[in-house]
Amino acid sequence: YACRGGAPPCRRGDTDARTCPVTEDGLSGKIEKLAALIAGAGRIVVFTGAGVSTESGIPDFRSPGGIWSRFDPEEFTIYRFLASPETRLKQWRLLIESGLIADARPNGAHRAVAELERLGKLDCIITQNIDNLHQKAGSAPERVYELHGTMNHARCLGCGQRYAMADLLSRIRLEDGAPLCPECDGILKPDVIFFGEQLPAEALRQAVEHSRRCDLLIVVGSSLVVFPAAYMPVYAKEAGAAVAIVNLTVTDFDDRADLVIHGKAGEVMPLVLEAVKRILGVAGARGEPG
């Protein structure tokens, strides 16, 4: 039968309340709720974590099979990076070979968030990710606050020169050891935040300010266990904003959120976008003229 609001029909006659589209507690019911929140909000912040990018083939850190199950987190401190050429080489090799620079491509979640911006529904993106996938999906770089830095650039710790990572890749030969600055032979560091480093002050300041000024903050693909980044939904909630969470697993903030959807970000967010377009009457939504 045709489900209300244009939601996709039930599969296999499933009438379980957790999955039936016509129940408020089912997945489609929650998608419609989130779409209604987005359509009615005036200032929306999207906060993203590693769960957004795992569907693009980038490994996360903490889940089974993640980076920390294969590498010692202690080797990713700024102190080890500065003290040990061998550790620097290992860190560079992991970051390059993980596909964070050239290989990964945006998935449905990144594209849906970028489309929300084009619809005029997005104030900014605050991300814990360093993969540049939001920008690749079409999000305006000036609206993306990267709390943990970016693999898009590297910086010399000697002369301070900043390099585009894409330009450096043709010069880097990891078999010769950790790369050095082409200008002064100083230590080259990816422009990401290692353990023991402060978050970039301006990005953090802007993230806190936007979180406190929004009327809806949507957490997408974050377990909310890494601080201070994970304070953003706290700031939003304390300021009176609604908080929605789209994440595959339970978070410690679920019981405080206004809406929680457990599912893959790359599958859920395109459905949310489609529902938003339907509510707004945007051409191209399912059931609307293209």
Side-chain angles (χ1 to χ4, degrees), residues 38 43-63 66-67 95 98-101 104-118 121-153 165 190-195 197-214 216-236 241 243-248 251 253 264-266 268-270 272-273:
I38 292 171
R43 192 185 292 270
I44 299 172
V45 169
V46 172
F47 175 89
T48 64
V52 171
S53 296
T54 52
E55 294 173 63
S56 291
I58 295 176
D60 67 4
F61 289 85
R62 289 168 175 78
S63 65
I67 289 175
L95 291 169
S98 66
L100 285 169
I101 302 172
R105 293 293 178 264
N107 59 54
H110 299 102
R111 292 190 292 270
V113 172
E115 183 65 17
L116 287 177
E117 180 182 329
R118 286 188 284 271
K121 299 304 298 182
L122 188 68
D123 181 38
C124 73
I125 300 165
I126 302 169
T127 186
Q128 298 170 279
N129 298 332
I130 60 176
D131 50 40
N132 203 43
L133 289 182
H134 285 298
Q135 293 90 328
K136 286 183 180 180
S139 295
E142 64 271 17
R143 290 181 182 266
V144 182
Y145 297 104
E146 297 167 308
L147 295 184
H148 294 164
T150 175
M151 275 298 291
N152 225 25
H153 293 89
M165 191 67 76
D191 220 354
V192 300
I193 304 301
F194 288 98
F195 290 125
E197 286 191 284
Q198 297 290 322
L199 269 59
E202 181 60 17
L204 180 58
R205 185 189 71 79
Q206 291 280 3
V208 172
E209 180 178 330
H210 284 276
S211 297
R212 286 175 168 161
R213 291 170 49 204
C214 71
L216 172 62
L217 187 143
I218 308 170
V219 176
V220 184
S222 175
S223 55
L224 297 176
V225 297
V226 179
F227 293 89
Y231 282 127
M232 301 308 143
V234 177
Y235 297 143
V243 174
I245 297 175
V246 178
N247 195 53
L248 190 59
T251 79
F253 202 82
K264 291 184 176 180
V268 172
M269 290 307 294
V272 171
L273 173 65

Could you list the residues that satisfy side-chain contact (heavy atoms from CB on, under 4.5 Å) with [X], not counting sequence neighbours?
X: Ala203; result: Leu147, Pro200
X: Asn107; result: Glu55, Ser56, Ala109, His110
X: Leu248; result: Lys264
X: Ala114; result: Arg118, Ala137, Ser139

So which heavy atom on [X] is nearest to which on [Y], and how close?
X: Gly49; Y: Asn129; value: O-ND2, 2.9 Å
X: Val243; Y: Ala236; value: CG2-CB, 4.3 Å
X: Pro270; Y: Ala112; value: N-CB, 4.0 Å
X: Lys136; Y: Ala104; value: NZ-O, 3.3 Å
X: Pro106; Y: Arg111; value: O-NH1, 2.8 Å

If you define the side chain from C-beta out and look only at heavy atoms, does anything of [X] sit under 4.5 Å from [Y]?
X: Ser222; Y: Thr251; result: no
X: Leu133; Y: Ile58; result: yes
X: Asn132; Y: Met151; result: no
X: Val219; Y: Phe253; result: no

To the nearest 0.5 Å, what is the distance between [atom1] ([X]) and [atom2] ([Y])?
X: Arg212; Y: Met232; atom1: CZ; atom2: CE; value: 8.5 Å
X: Ser53; Y: His134; atom1: OG; atom2: NE2; value: 6.5 Å
X: Leu122; Y: Leu216; atom1: CG; atom2: CG; value: 10.0 Å
X: Ile245; Y: Leu224; atom1: CD1; atom2: CG; value: 5.5 Å
X: Phe47; Y: Thr127; atom1: CZ; atom2: OG1; value: 7.5 Å
X: Ile126; Y: Cys214; atom1: CD1; atom2: SG; value: 7.5 Å

Residues two or more places apart in sequence or in another chain: which of them pass side chain to side chain donor-acceptor pair (under 3.5 Å) with [X]?
X: Glu202; value: Arg205, Gln206
X: Arg213; value: Glu209
X: His148; value: none

*Who pairs with Arg143 by salt bridge (charged side-chain N to carboxylate O under 4.0 Å, His left out), at least two apart in sequence or on another chain?*
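So Arg143 forms a salt bridge (charged side-chain N to carboxylate O under 4.0 Å, His left out) with Glu117.
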_Other residues, nucleotides and ligands only: do more than 12 of their heavy atoms fall within 6.0 Å of CD on Gln198?_
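Result for CD/Gln198: open.
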*With distance as the sole test, does Thr54 use its side chain to make a donor-acceptor pair with the main-chain N or O of Gly51 at under 3.5 Å?*
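A pair under 3.5 Å: yes.
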*Say whether, by atom type as modelled, one donor and one acceptor occur between the side chain of Asp123 and the main chain of Ile44 under 3.5 angstrom.*
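A pair under 3.5 Å: no.
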_Sole candidate of Ile38, Ile125, Val272 that passes side chain to side chain contact (heavy atoms under 4.5 Å, CB included) when paired with Leu116_ =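 Exactly one option meets the side chain to side chain contact (heavy atoms under 4.5 Å, CB included) with Leu116, and it is Ile38.
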